[in-house]
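All chains are named by letter (A, B, ...) in the order of the sequence lines, taking the proteins before the strands, and each is independently numbered beginning at 1. Owing to the predicted nature of the structure, the values given are computational and were not obtained by experimental measurement. Hydrogens, waters and symmetry mates play no part in the numbers below; they use all other heavy atoms, side chains included.
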Amino acid sequence: MTQLSVTPGAGRRVTAATGRLLGHLDRLVALLAGAVLIGVTVLLTVNAAARSLGVVLFSGGPTLAGLLVLWLTFVGAYIPARRGGHITVDMIGDRLPAPAFRALRVAVALVAAGLCAVSARIGWEFAAFRFASGQIDQMLFIPTGWFYAPLPAGFALCALAWLHAAAAAIWGDG
Amino acid sequence: MPVLALASTAALLLLLTVPVFLALIGGTYLSHAVYGPPVPAMVFAQQMVQGVNKFALLAVPLFIYASAIISRGEIGKRLLALVESFVGHIRGGMALATVVTCALFGALSGVGQAAIVSLGPLVFPVLLAQGYSRGFAMGLILTASTLAMLIPPSVAMILYALQATSSVESGFLAGLGAGLVLLVCLTVYAVGYARRHRIPGSPRQAWRARLGALRGAGLALGLPLIIFGGIYTGTFTPTEAAAGGCLYAILVEVLIFRSLSLRDLWTLTQETAGTISALLIILAAGAAMSYLLTLQQVPQQVAGLLNDRSRFEILLIVNLTFLLAGMVLDPNSAIIVLTPIVLPAAVAAGVDPVHFGAIVVLNIAIGMITPPFGINIFTAMVTFRASYGEIVGALRPFILVALTALALVTWGEALVMALPRLLAG
Amino acid sequence: EIIMKAGFLTPIQSPRGQGAELMAQMIHDSANCDIAVQLYPSSQLGGTTDLIEGMQIGSVEMSILPAAFMVGFQPLVGILDFPFYFPTDKESLLAFYDSAAMRTLLDTTEEKGVKSLAMWHTGYKTWTANKPVVTLADYKGLAARVMPSEIIKEQDRLLGMQAVDMPFSETYTALANGAIDTQENPIDTNFFMKFHEVQDYVTLSYHGTLDQIVSVSSIFWSQLSPECQADVQAAVDAGGRLTAEKTDAVIANLALPAFKASGTEVVEVPDTARAEIAAALLPEIKAYYVKQNGEAGQTVLDAFDAEIAK
Ligand code: NA
Ligand code: NA
């Protein structure tokens, strides 16, 4: 910590600036996630209602709903990552003294950022491979890569969120 | 030892308060890096996506959404006022109503978490108002929600029957038997609890007041009608019923009850989307982990334990195995991977495959509420905004109740097999 | 020692599971191969296309999958979904699978990183419904579960059916409560999925197959000596013969008696009805296939037409 405290002002300024940037991202992701949720609801209802009337509007309805939920799952994971809303087994945190608790927060955020970065990387490799293979989904007629793209996108966003959380825990939120 | 590496890494990360999905991922990556097998790591990306890309799973986000809408709007309150007007004055009545509603709901959805997220936020405040403790209310809702996996139709039972090449019909009936055993055990415990703690309940209401509550419910009754009616008439699959229920709830709350403004609805939708991601991404991570365990031939190691054992020992080992598996795997993967491995030993020891199916599904269901890892526990954390410690503490007596039911189902064959023998021949 | 993970969709005790076990044993016994075969039944390594993706990235060595799943990777394979096209007696069909025309088609998967070794016959497709589905008129207006295949979607459209995208795991419940009216699968699949418990009729239309392409990852294949490749090929062929035999045995000894016991009626389709539907469907199906695949499609189609006309 001593080394870090050499330039606390600069650290805090950078943290604050990235925080503002991520704030815009927060609004964008929340907007998309909300739109997807409403979209899936309407899509499945209309699809089922049409079927009961003997009409097929779009036979890929459930597949499209599944695709949208994939985007919601991985990209949407950025929202709880920013708000500390991911599910944790919180058995020790509040029993620690304050400095240890802060150190733990930094460590957890860095571990989380690292694991997300690794996941984003392998997700990128796999999605790129799927796009390159030219494989087409047989219900939606789009490249199957679109089913895998949300994973690297979401994990990359989460890695950013936790890097910022680590910085904020070290230098303060500014 | 790849399993130990995986489990200990995941446990350590969990203990350090790393989010659950990352703890699972971390354990998986580490065990794979050290012990192999030599498959490219990007296969975990494939498995994570496939872990979420399942149609039956779509019902979960939609029920979460529906429950968020009706618990902040009017529909939930009106439906509960109706139920309370009929059973609220009976000591333990609301607890009983909770169990029965969860069972009915489970009959439809087949997904344990769906009952927690859709009924939990409604029933929870009412149980508190009646004088039950937070812990009792949460434990009751969580345990009753596992009935979804037992009361037919049950996806888990279909998957079991496929693996065991036994009849789905008989399996459904056996599951119903096991579900009733658990239901009775829960009811006995809940009513006993209400007596012991002298839970006051609410005053008895006159029939006039009850009819008033029925009229008051009005359009709110349309929601269960859409969900139950839609599924039983074949108009909707459970997933579509969840979507239709959402849309109905939105229209009624916003346009007719005017309990939610469009702005409220939009805020609530965005918040709910985040909650849904937090839950689904755990299933994604679990899929990567379960894939690695399969590749590392862990299930085959379990089979080795079953050689030359008595019927009693085999059933005990099976109980323990599935309980442990339910702690880490999603129920459907656990059934697919483990059934073919343990079934031959059980059959050789004279256990009827249909009876065995009920044992397996009940085991898996209980695994979902047993710590350290249970998807119903995590679902409850986001639903009730409670801490992990609080929920695990609350579940302790209920796990004992569930284990009692398991013992009855395992060693009281007649309880489970009566229905299939009577009806399915 | 090379590990060969082989994935397929059905339980180990299914006919193709038993074929896979024989194949594994023969590869184990081969003096020319040093391969440890691990069988992963019941979609344990993944459901459908993930196994093919797995062979491409090298996480799976072998898959035994309905040919339809290969179509997203190699659209030419869609010809195997043609309805009312292939011979309805098993011997002619198996002879067709051994033909040069078939080999030409199978070789087209190699450009996708997948070497296709053989076709395993797992029975002819039938329709289950609460009524017989024999003539063209019987199909009209039924809500049918559609497989993820353009050709099969086109088939359903030409038959006047409503194509419903229904996940396999929900099909039993959907048939039971009437969300869909009908679905197509081989007899043994209907039996293993217990569809007869919720359906009154099984119509033996034999309008196509869902036969399995046995394929291996090209990366894996190139690591084997030519002698070992020959032994693996022989083991796969033997597994295929056993699978076809076991399929017949399951149909005769288990499936048909179970249908009978549950009161599900088995309906035959006369050749005249089959010919009538073929005449109504095939010209448009072929045109669709050629439009989709261009010149390569025309070449495959001509070779298939010529072989079938023999
Ligand atoms: Na159920
Ligand atoms: Na558990």
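The structure places CZ of Phe21(B) at 9.0 Å from CG of Leu115(A), a figure rounded to the nearest 0.5 Å. The CD1 atom of Ile87(A) sits 5.0 Å away from atom CG of Leu279(B), with the distance rounded to the nearest 0.5 Å. The CD1 atom of Ile25(B) lies 3.5 Å from the CZ atom of Phe155(A); values are rounded to the nearest 0.5 Å. Ile250(B) contributes atom CD1, which lies 8.5 Å from atom OG1 of Thr45(A) (distance to the nearest 0.5 angstrom). Considering CG of Asp26(A) and CD of Gln270(B), their distance stands at 11.0 Å, rounded to 0.5 Å. Distance SG/Cys246(B) to CG/Leu37(A): 7.0 Å, rounded to 0.5 Å.
Of the atoms belonging to Trp162(A), it is side-chain heavy atoms, and not backbone ones, that fall under 4.5 Å from chain B. Looking at Met48(B), both its backbone and its side chain come within 4.5 Å of chain A, counting heavy atoms on both sides. Using a 4.5 Å cut-off between heavy atoms, Leu72(A) contacts chain B through both its backbone and its side chain. At a 4.5 Å heavy-atom cutoff, the contact between Ile282(B) and chain A is made by side-chain atoms alone. For a residue to count as touching a neighbouring chain, one of its non-hydrogen atoms must lie under 4.5 Å from one of that chain's; by this rule Ile281(B) touches chain A with backbone and side chain alike. With a threshold of 4.5 angstrom between heavy atoms, Leu13(B) approaches chain A through side-chain atoms but not through N, CA, C or O. In this structure, chain B has heavy atoms under 4.5 Å from both the backbone and the side chain of Leu31(A). Looking at Val49(B), both its backbone and its side chain come within 4.5 Å of chain A, counting heavy atoms on both sides. Ala241(B) does not touch chain A: none of its heavy atoms, backbone or side chain, sits under 4.5 Å away.
For Ala278(B) against Gly85(A), the heavy-atom pair with the smallest separation is CB-O, 4.0 Å. Of all the heavy atoms in Ala77(A) and Ser277(B), the pair that sits closest is N-CB, 3.5 Å. In terms of heavy atoms, Thr88(A) sits closest to Pro19(B) at CG2-CA, 3.5 Å. Closest of all the heavy-atom pairs between Val108(A) and Leu16(B) is CG2-O, 2.9 Å. Closest approach of Leu22(B) and Cys116(A) over heavy atoms only: CD2-SG, 3.8 Å. Here the closest non-hydrogen pair linking Gln46(B) and Tyr148(A) is CA-CE2, 3.9 Å.
At a threshold of 4.5 Å between non-hydrogen side-chain atoms, the residues Ile38(A) and Tyr65(B) count as touching. Inter-residue side-chain proximity for Thr17(B) and Leu104(A) is flagged as met; some heavy-atom pair is nearer than 4.5 Å.
Taking chain B as the reference chain and counting heavy-atom pairs below 4.5 Å, the highest number among Cys158(A), Pro152(A), Pro62(A) is found for Pro62(A). Residue with the most contacts toward chain B among Val42(A), Leu70(A), Ile79(A): Leu70(A) (heavy-atom pairs, distance under 4.5 Å). The greatest number of non-hydrogen atom pairs below 4.5 Å with chain B, out of Gly66(A), Gly76(A), Ala33(A), Ala30(A), is found for Ala30(A). Of all the listed residues (Pro150(A), Gly61(A), Ser119(A)), the one sharing the greatest number of non-hydrogen pairs under 4.5 Å with chain B is Ser119(A). Looking only at heavy-atom pairs under 4.5 Å with chain A, the residue among Thr272(B), Leu62(B), Val20(B) that has the most is Val20(B). Between chain B and the residues Val118(A), Ile122(A), Leu44(A), the largest count of heavy-atom pairs under 4.5 Å involves Ile122(A). When Phe236(B), Tyr29(B), Phe378(B) are compared by the number of non-hydrogen pairs under 4.5 Å with chain A, Tyr29(B) comes out ahead.
Enclosure of atom CH2 in Trp146(A) is not indicated, since only 12 or fewer non-hydrogen atoms of other residues, nucleotides or ligands lie within 6.0 angstrom. Atom CH2 of Trp71(A) sits in a crowded spot, with more than 12 heavy atoms from other residues, nucleotides or ligands closer than 6.0 Å. Within a 6.0 Å sphere centred on CZ of Arg121(A), heavy atoms belonging to other residues, nucleotides or ligands number 12 at most.
With sequence neighbours excluded, no residue forms a salt bridge (charged side-chain N to carboxylate O under 4.0 Å, His left out) with Glu253(B).
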